[in-house]
K.L.:
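Here it is, the structure, as structure tokens.
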4 protein chains.
Amino acid sequence: MVEFHVDRGSGFPAYLQLGQQVREAMRLGWLQPGDRLPTVRDVVATSGVNANTVLKAYRELELAGLVEARQGSGTFVKGTLGSAAPEVLDPLREGLAKWVAEARSAGLEDEDIYALLREVLSGGAQ
Amino acid sequence: MVEFHVDRGSGFPAYLQLGQQVREAMRLGWLQPGDRLPTVRDVVATSGVNANTVLKAYRELELAGLVEARQGSGTFVKGTLGSAAPEVLDPLREGLAKWVAEARSAGLEDEDIYALLREVLSGGAQ
Amino acid sequence: MVEFHVDRGSGFPAYLQLGQQVREAMRLGWLQPGDRLPTVRDVVATSGVNANTVLKAYRELELAGLVEARQGSGTFVKGTLGSAAPEVLDPLREGLAKWVAEARSAGLEDEDIYALLREVLSGGAQ
Amino acid sequence: MVEFHVDRGSGFPAYLQLGQQVREAMRLGWLQPGDRLPTVRDVVATSGVNANTVLKAYRELELAGLVEARQGSGTFVKGTLGSAAPEVLDPLREGLAKWVAEARSAGLEDEDIYALLREVLSGGAQ
DNA sequence: GTGGTCTAGACCACC
DNA sequence: GTGGTCTAGACCACA
């Protein structure tokens, strides 16, 4: 089961954070087609966000074709995102974890790590 | 010289994007204490954002003690962010680039990679 | 300029009524690409609907690619809907008006007329 | 026999769709006083809607004096709607069908046609 | 009890 | 002054 964590006061809209977390869970295989998302009320209880904010996040996922809301029964994962199978992801995750350990022991903070990744992904100096 | 890229319509506030990009450039050593930030006018021309938005971003960086506005001459980097020296960053960047190459050849998209990193940084299953 | 009329208490969601009216105005050529929709505040004043309801309608039109919201300046028609040129529409409208006059003088109410049209469009008995 | 078609996900409440379809069938003479409506069970099977939703639709029609529920035997049309006799309706239907054929061959979509009719019924520019 | 609609109002981002 | 975000809470449609 996915649990959401909303960082309020970061300026980052709460409904976007929720949407992103669903997308990431789908990419990582935590959410598979047919799985039910936490109910709106669950998310409200868990994350402290208002119900309408959750609804908005779910509605946008629905419009994106990723989930499907069924009145009275819940919201369900419909589409897929990211093609990576666990057999592929697991060794990569392991390799990345090793690299992260190195980076941290060299004194890098998480923000440094994100910055480095963005640099590398965007192909150097950009 | 740093060049800003603002993604409008992503829901992510423009002034936060600018601030984040300055911070990342500082972390990666692209911006060093004493360096001058692009002028507001430059950023407007480059990114299509309104001047007030740029001013707001710079003002917040100044309040954070990271930059200093000098009337008539521009805005200059004052503080530092991230403790990593180039001698430390370079081999890490290289290691990361190698891992990214692997991940991509395994079919992962950039979003998959970000998701994996977030997972690893947050300590596994979260 | 388009003016909205929202029928509250019909059970028909207000935001759908607004969306439909924009779409119809586009079909009839009352709204052309580049035209500005009434501001959210205008609609609130005109129709008595809440601002968020209007925003929701406009956001859905934007997601459908029909309009574009520009912060600080308004919401503008972007796409097109219905290919009918005025030269084509005008004679048809005239013919229809004539038929409507007949139907009404035969005692039909508007609801009868809608029912008839729906029957004819759906191809008879269906 | 009337057959219901409920469009879920249109935002239009299912019970209103059912009610409207009964009303239209009455206006067009498909349902006459004394006729029996489909059983709730039939509608559930046909339209995929929940039984309570059908019951709610029938209850509202009953409150409007249009139908009458007889315990154990079904729901029957009681009142009338629309004053048009078949001798009146048929030629009008024919005239409308001719107009619709014209409109379609001019490239109009059904939505265009509905928009035009609404415009004409509401008396022009509204 | 599920998702959905609407409201009223505060506050923010942007021009 | 423009659109947008978020909240709190009432109420509805549906299973």
Side-chain angles (χ1 to χ4, degrees), chain A residues 6 8-9 11-18 36-44 47-60 62 67-76, chain B residues 6 8-18 44 48-57 60, chain C residues 6 8-9 11-18 36-44 47-62 67-76, chain D residues 6 8-18 44 47-57 60:
Chain A
V6 174
R8 284 104 110 29
F12 201 122
Y15 79 103
L16 287 180
Q17 294 183 46
L18 293 176
R36 201 179 81 160
L37 294 187
T39 67
V40 172
R41 289 164 176 77
D42 280 352
V43 179
V44 167
S47 69
V49 166
N50 181 275
N52 287 329
T53 304
V54 183
L55 274 169
K56 180 171 182 182
Y58 280 14
R59 219 178 300 130
E60 297 213 342
E62 190 170 17
V67 308
E68 181 184 19
R70 300 186 203 140
Q71 279 214 121
S73 53
T75 302
F76 296 82
Chain B
V6 175
R8 285 109 109 32
S10 69
F12 202 117
Y15 79 103
L16 286 181
Q17 293 184 46
L18 294 176
V44 167
V49 166
N50 183 278
N52 288 327
T53 304
V54 183
L55 277 169
K56 177 165 185 182
E60 297 210 343
Chain C
V6 174
R8 285 103 109 32
F12 202 120
Y15 79 102
L16 286 180
Q17 294 184 46
L18 293 175
R36 202 179 84 159
L37 295 186
T39 68
V40 172
R41 289 163 177 78
D42 280 351
V43 179
V44 167
S47 69
V49 167
N50 180 276
N52 287 330
T53 303
V54 183
L55 274 169
K56 181 172 181 181
Y58 280 14
R59 218 179 301 130
E60 296 212 343
L61 290 167
E62 190 170 17
V67 309
E68 181 184 19
R70 301 187 202 139
Q71 279 216 120
S73 53
T75 302
F76 297 81
Chain D
V6 175
R8 285 109 109 29
S10 72
F12 202 117
Y15 80 103
L16 287 180
Q17 293 184 46
L18 294 175
V44 166
S47 67
V49 165
N50 183 277
N52 289 328
T53 303
V54 184
L55 278 169
K56 178 165 185 183
E60 297 211 341

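So that the names make sense, note that chain A is the first sequence line, chain B the second, and so on, each numbered from 1.
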K.L.:
Checking the side chain of R36(C) only, and the main-chain atoms of S73(C) only, is there a donor and an acceptor separated by less than 3.5 Å?
P.N.:
yes

K.L.:
State, with a plain yes or no, whether a side-chain heavy atom of Q17(A) is found less than 4.5 Å away from one of S47(A).
P.N.:
no

K.L.:
Taking atom P of dC12(E) as reference, at what distance in whole Å does atom CG of L55(C) sit?
P.N.:
17 Å

K.L.:
Take atom CZ of F76(C) and atom C1' of dC14(E), then tell me their distance rounded to the nearest Å.
P.N.:
14 Å

K.L.:
Mind calculating the distance between CD (E60(B)) and P (dA13(E)) to the nearest angstrom?
P.N.:
8 Å

K.L.:
If you compare all heavy atoms of A14(B) against all heavy atoms of V49(B), which two are closest, and at what distance to 0.1 Å?
P.N.:
CB-CG2, 4.4 Å

K.L.:
Output the rounded distance in Å from CG (L37(A)) to P (dG4(E)).
P.N.:
11 Å

K.L.:
Which pair of heavy atoms, one from P13(C) and one from P13(D), lies closest together, and at what distance?
P.N.:
CD-CD, 4.2 Å

K.L.:
How does protein contact run along nucleotides 7-15 of chain F, one letter per nucleotide 5' to 3', with B for base contact, S for sugar-phosphate only, - for none, heavy atoms under 4.0 Å?
P.N.:
BBB---BBB

K.L.:
Can you tell me the base-pairing partner of dG3(E)? Count Watson-Crick or G-U wobble geometry only, both distances below 3.5 Å, and say none if there is no partner.
P.N.:
dC12(F)

K.L.:
Given V44(A), which of T53(A), L55(A), V54(A) fulfils the side chain to side chain contact (heavy atoms under 4.5 Å, CB included) condition?
P.N.:
V54(A)

K.L.:
So E62(C), base contact, sugar-phosphate only, or nothing? Heavy-atom distance under 4.0 Å.
P.N.:
sugar-phosphate

K.L.:
Measure the distance from CZ on R70(C) to C1' on dG4(F) and round it to the nearest whole Å.
P.N.:
17 Å

K.L.:
Using whole Å, what does the distance between atom P of nucleotide dT5(E) and atom CZ of R59(A) come to?
P.N.:
6 Å

K.L.:
Atom CG of D42(A) to atom P of dG1(E): distance rounded to whole Å?
P.N.:
12 Å

K.L.:
Testing the basics here: between T75(A) and Y58(A), what is the closest heavy-atom pair and its distance to 0.1 Å?
P.N.:
OG1-CD2, 3.7 Å

